[in-house]
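One structure below.
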Amino acid sequence: MKKRVDSFEGKTIYGHRMSIIEPVFGNICTNKRLNRFSLRGKSKVQGQWRMFCLVHNIEKLMRYGSIH
């Protein structure tokens, strides 16, 4: 994996992560205050994570989705 990440293509892909992936986690952790899951069990935690992702995506649609 280190070899793949250290390649030119790997560095290009990983460089995009900061502008694509990290803001999502930052928003969910900081603004939504999800720094720990409040439920136990894999299925419940997955449900809680999906709920936070759903809220994040709905906010994006509200902000950027209605371009007319």
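One is the number of the first residue; the rest follow in order along the sequence. Note that the coordinates shown come from a computational prediction; the quantities given were computed from them, not determined experimentally.
- More than 12 heavy atoms of other residues, nucleotides or ligands shown are found within 6.0 angstrom of CZ on F37.
- Heavy-atom neighbours of K32 NZ from other residues, nucleotides or ligands within 6.0 Å: above the threshold of 12.
- Among residues two or more places apart in sequence or in another chain, the side chain to side chain contact (heavy atoms under 4.5 Å, CB included) test is passed with T12 by F8, H16.
- Atom CD of E59 sits about 7.0 Å away from atom CE of M62, to the nearest 0.5 Å.
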Show which side-chain atoms of residues 40-58 pair as donor or acceptor with protein atoms under 3.5 Å away, not counting sequence neighbours.
residue, atom, partner, partner atom, Å
Q48, OE1, S38, N, 3.2
Q48, NE2, S38, OG, 3.1
H56, ND1, N27, ND2, 2.7
N57, ND2, C53, O, 3.3

